[in-house]
Amino acid sequence: MTTPQQLHIPVLLDAVIDLLHPEKGERYLDLTAGYGGHAQAVIARIGSANLATLVDRDAFAISQLESLGQQGARLIHSDFLQASQTLASENQQFDMILLDLGVSSPQLDKAERGFSFRLESDLDMRMDQSQDISAATIVNHYSEKELSQIIRNYGEEPSNRAHRIARAIVTRRAKQPIVTTTELADTIAQVLPRRGKIHPATRTFQALRIETNDELGQIERTLPLLIKLLAPGGRLAVISFHSLEDRLVKNFLKEQLNSGLEADLTVLTKHPISGTDDVYNPRARSAKLRAAAKINN
Ligand SMILES: C[S@@+](CC[C@H](N)C(=O)[O-])C[C@H]1O[C@@H](n2cnc3c(N)ncnc32)[C@H](O)[C@@H]1O
């Protein structure tokens, strides 16, 4: 039988533990608990699952955390913005908060989740499967201009390529809705040549994933709430997987650095810690870890 930890290998685990520096009896909030890899390691150090609050918007991930729930961890099935708002309204505070952003290996590897153009499936990409909007909704209902903007801004495709992809999608869907991952990948491959090893649909799939899950909006609106959720002296660690995510984290921490005496946080990572050297975990290659601590005042 596979354990939750075998489904997803936690990224930069040693560095996260170093920076969060868990001590016996401290309170832990994991806003992207996934398969509990980081959470297990922290709970082992704080000494009790009762001190942990574990959040994920994916029902399958929450089901995999059930054994930690039975040991006393509070499990919250919700997006991290809503969870942070709820916890703040309850005046909860934590000594450590972790955000390990993006998707998990099981989300990417299970064809039926519809995240991968390599695996034939309905075009889904919802992390929370109870959400109404899926990638298929966006592909079949957004205007050509909106599609082009998303592909440019979130896929970081140059404008001319973004326009060509958006035009190809709109032309194809006028004949028949685009319902599967491979139909979309083929539509894009027909208008864009392959560049080296990278499939021409790669960046469009990233863009659709970000839009489907409002990934950047979630991060941008949650980060400021974490100041209230951190106890004095509390540590925050954030792992991001692409430059758009990392930029939001970097700017948030930079604002703190620029706030001088008004700052709530002190930055613990002058430069981000990179996952490039993790030979055991190819998913870690693009990871960047930044951390900060709440000033004790
Ligand atoms: C990279 S995995 C986390 C893996 C986890 N640290 C571990 O060791 O198993 C990211 C998880 O965050 C969840 N997630 C991503 N964005 C989220 C959001 N806005 N709110 C709640 N959960 C989110 C995903 O569903 C996924 O399970």
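Ligands are counted one by one from 1 in listed order, and the atoms in each one are counted from 1 as well. Basis for what follows: all heavy atoms, side chains included, without hydrogens, waters or symmetry-related copies.
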For atom 19 (N) of ligand 1, the protein heavy atom that lies nearest, with its residue and separation = Q218 OE1, 2.9 Å
d(S105 OG, Q107 CD) to nearest 0.5 Å is 9.0 Å
In the protein, which heavy atom is nearest to atom 23 (C) of ligand 1, and how far is it?
-> R57 CD, 3.7 Å
Answer yes or no: is there a donor N or O on one side and an acceptor on the other, between the side chain of Q256 and the main chain of L265, under 3.5 Å?
-> yes
Do you reckon L208 sits in the same ILVMFWY cluster as Y154, going by side-chain contacts under 4.5 Å, direct or chained?
-> yes
Ligand 1 contacted by A33 (non-hydrogen, < 4.0 Å) | yes
Electrostatic pair E144-R167, nearest N-O below 4.0 angstrom = yes
Could you point out which residue of R209, R57, R221 forms a salt bridge (charged side-chain N to carboxylate O under 4.0 Å, His left out) with E215?
-> R209
Just go through P10, S78, S105, G37 and tell me whose heavy atom is the nearest to atom 7 (C) of ligand 1.
-> G37
Judged by non-hydrogen atoms, does L98 sit under 4.0 Å from ligand 1?
-> no
Counting heavy atoms only, which of A287, G34, S104, G102 comes nearest to atom 10 (C) of ligand 1?
-> G102
Is the shortest N/O to N/O distance between V103 and ligand 1 below 3.5 Å?
-> no
So, R126 side chain and N213 main chain: donor-acceptor pair closer than 3.5 Å or not?
-> no
Ligand-residue contact atoms, ligand 1 with G36, heavy atoms, under 4.0 Å = 7 (C), 9 (O)
Backbone or side-chain N or O of Y35 under 3.5 Å from ligand 1 N or O | yes
Subset of ligand 1 atoms that lie under 4.0 Å from at least one heavy atom of L101 | 1 (C)
To the nearest 0.5 Å, atom CG of D264 lies from atom OG1 of T266 at 11.5 Å
Does L81 approach ligand 1 within less than 4.0 angstrom via side chain, backbone, both or neither, non-hydrogen atoms only?
-> neither
Proximal ligand 1 atoms for D79, defined as those under 4.0 Å from one of its heavy atoms | 20 (N), 21 (C)
May I ask you to check whether D58 has an N/O atom sitting below 3.5 Å from an N/O atom of ligand 1?
-> no
Min side-chain heavy-atom separation Q92-R27 under 4.5 Å | no
The protein heavy atom nearest to atom 26 (C) of ligand 1 is D56 OD2, 3.5 Å
Mind checking whether E215 has a heavy atom under 4.0 Å from ligand 1?
-> no
E262, CD atom: more than 12 neighbouring heavy atoms under 6.0 Å | no
Identity and distance of the protein heavy atom lying nearest atom 16 (N) of ligand 1 = M127 SD, 3.5 Å
Of T32, L31, L12, the one whose closest heavy atom lies nearest atom 12 (O) of ligand 1 is T32
Is there any N or O on H38 that sits under 3.5 Å from an N or O of ligand 1?
-> yes
Mark yes or no for whether R173, through its side chain, and V139, through its backbone, hold a donor-acceptor pair below 3.5 Å.
-> yes
Indicate, with yes or no, if L101 and L20 share a hydrophobic cluster defined by side-chain heavy-atom contacts under 4.5 Å among Ile, Leu, Val, Met, Phe, Trp and Tyr.
-> no
Are any of the N/O atoms in F80 less than 3.5 Å from those in ligand 1?
-> yes
Inspect the surroundings of CD in E112 and state if more than 12 heavy atoms from other residues, nucleotides or ligands are less than 6.0 Å away.
-> yes
